[in-house]
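Data first, discussion second: the structure below is written as structure tokens.
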Amino acid sequence: MALTLDTYRLLGRSGLRVSPLALGTATFVTEWGWGAEEADARKLFDTYVERGGNFVDTAPTYTDGSAERLLGEFARDHRESLVLATKYTTLRRPGDPNSGGPHRKSLYASVEASLRQLGTDYLDLLLLHVWDFTTPVEEILRGLDDLVRQGKVRYVGMSNVPAWEISRMQAIADLRGWTPLIALQVEYSLIRRDAERDLIPMARELGLGVTPYSPLGGGVLSGKYRAAATDESTRRSFNAGLGMVTDRTLAIADVVSEVAAEAGHTPAQVALAWTLRNPGVTAPVVGARTPAQLEGNLGALDVEFTPDQLARLDEVSALDLGYPHDLLGSGHIRAVTRGDLEIEPRATPAGR
């Protein structure tokens, strides 16, 4: 069934309603060498909101702070109807070690800066952006809980954090009556399915709505790098450095293009629609440099697959889950643990 931006979904174990595609703002203006000029950024925002979108993702250091400032200007007349998500932990002042990281000093300073830049007195969703293996989880959780109790933050979540740390934090929050985590932002696409090992199953079990970033694999799945193999743009070089432009990822992009031709959609729409089909995914974060690109991405809501098309996409992008998943899923282990008994899988807990 086709979706629309106002086919709202609940975000994790909460009553917060969000659009099935979130608008990413890392492309707002061009400080990083690519992106949309201010006038086009405004058109991106207006197009998304006019189509019924209400979920916008940003960060205080996206495009050196310009993304939050512009979003604050654009959202001024829509503030109450929008779900604004931002993050903290990335270094805000080079040379100052306490201007980044998950600790309380960084948390409070970053939130205050985001509130100023966004021109608002509260954040709908705050995500810890990058884990650093140094700050005690109790310090992080209590700091987040304090901000919620102060009314400066409504909901909290995690991004780029190991599954075992998130599981531990959710258990501690539940036991101590602190604000629970309701969202998880991870990299996830046909070329990066690693989150299927532990992160996405964990999120479903513990009540976190997943909002994948880079669902087009840095643009690789749009087919543009195959069409311009000699392109040496800043964005291509950046993604190549992250390991996104390889023989394997280009082969996946080829199958995406084949399915797109059969389905009458663009490769980008097919790649986004595949991500949306995962029952553990709430809202992929989509970015665009031009209004036309955004309109194209929103067309993913109309894509429907045949079983054969889904099988081909899954096969070409298949992920080796590794130990212990391969062992536990083997026929031998199933036989020695339950014999020939048929056991219904446990249902996902209510509200998650």
Side-chain angles (χ1 to χ4, degrees), residues 2-6 19-59 62-63 66-67 70-71 74-75 85 185 187-192 211-229 231-240 242 244-245 249-250 252-254 256-257 259-261 263-276 281 283-303:
L3 300 172
T4 60
L5 284 179
D6 55 4
S19 294
L21 290 175
L23 177 65
T25 63
T27 56
F28 280 16
V29 298
T30 58
E31 278 88 341
W32 288 354
W34 68 83
E37 298 294 345
E38 182 172 344
D40 278 341
R42 177 77 210 213
K43 291 177 183 176
L44 294 173
F45 176 85
D46 288 344
T47 297
Y48 178 77
V49 172
E50 288 167 3
R51 292 276 296 271
N54 75 337
F55 193 15
V56 188
D57 177 85
T58 190
Y62 282 175
T63 53
S66 295
L70 284 182
L71 178 57
F74 301 162
Q185 191 170 111
E187 182 176 3
Y188 183 58
S189 70
L190 275 162
I191 67 171
R192 286 279 175 90
T211 61
Y213 68 86
S214 199
L216 297 183
V220 174
L221 294 170
S222 69
K224 66 181 181 182
Y225 292 150
R226 177 68 82 184
D231 176 31
E232 296 298 334
S233 68
T234 303
R235 188 68 186 274
R236 179 188 172 92
S237 300
F238 177 81
N239 288 321
L242 293 177
M244 288 185 173
V245 186
T249 62
L250 292 175
I252 294 171
D254 284 346
V256 170
S257 294
V259 170
H265 289 280
T266 67
Q269 290 167 350
V270 165
L272 277 170
W274 178 88
T275 306
L276 269 168
V281 168
V285 180
V286 297
R289 187 176 54 82
T290 67
Q293 285 180 348
L294 178 60
E295 288 283 4
N297 288 341
L298 297 183
L301 298 169
D302 299 321
V303 175

Applying side chain to side chain donor-acceptor pair (under 3.5 Å) to Glu295 and not counting sequence neighbours gives Arg51
Checklist line | Heavy-atom side-chain contact between Leu272 and Val286 under 4.5 Å | finding: yes
Here the gap from Thr4 atom OG1 to Leu298 atom CG, rounded to the nearest 0.5 Å, amounts to 10.5 Å
**Prompt:** Between Ser19 (side chain) and Ala22 (backbone), is there a donor-acceptor pair under 3.5 Å?
**Reply:** no
Discussion item. So does Gly287 get a backbone contact from the side chain of Asn297, meaning a donor-acceptor N/O pair under 3.5 Å?
Written reply: yes
So CG of Leu294 and CG of Asp40: to nearest 0.5 Å the spacing works out to 11.0 Å
Phe55 and Thr211: side-chain contact (heavy atoms from CB on, under 4.5 Å), yes or no, with the steps?
-> CA-CA 10 Å; Phe55 193 15; Thr211 61; 3.8 Å; yes
Q | Contact check, side chains of Gln185 and Asp57, non-hydrogen atoms, under 4.5 Å | A | yes
Pro267 and Ser257 have their tightest heavy-atom pair at CG-OG, 3.7 Å
Checking Pro212, Pro215, Ser214 against Glu187 for side-chain contact (heavy atoms from CB on, under 4.5 Å), the one that qualifies is Ser214
- Item | Pairwise side-chain contact, Val303 with Leu276, heavy-atom cut-off 4.5 Å (strictly under) | no
I'd like to check Val56 versus Tyr48 (side-chain heavy atoms, cut-off strictly below 4.5 Å). Are they in contact?
yes
May I ask you to decide if Ala288's main-chain N or O and Thr27's side chain share a donor-acceptor pair within less than 3.5 Å?
yes
### Message
If you define the side chain from C-beta out and look only at heavy atoms, does anything of Leu216 sit under 4.5 Å from Ser189?
### Response
no
All heavy atoms of Ala283 vs all of Leu21, minimum pair found to be CB-N, 4.2 Å
Value for OG1 (Thr275) from CZ (Arg192), rounded to nearest 0.5 Å, stands at 13.5 Å
Distance col, row Phe74:CZ vs Asp46:CG, nearest 0.5 angstrom, shows 8.0 Å
The reported gap from CZ in Arg289 to CD in Glu37 (rounded to nearest 0.5 angstrom) is 10.0 Å
Paired with Ser66, the side-chain contact (heavy atoms from CB on, under 4.5 Å) test is passed by just one of Val29, Thr30, Leu71, namely Val29
Evaluate the side-chain proximity of Phe28 to Leu44: yes if any heavy-atom separation is below 4.5 Å, no if none is. yes
Tightest non-hydrogen contact, residues Val285 and Gly24, listed as CG1-CA, 3.5 Å
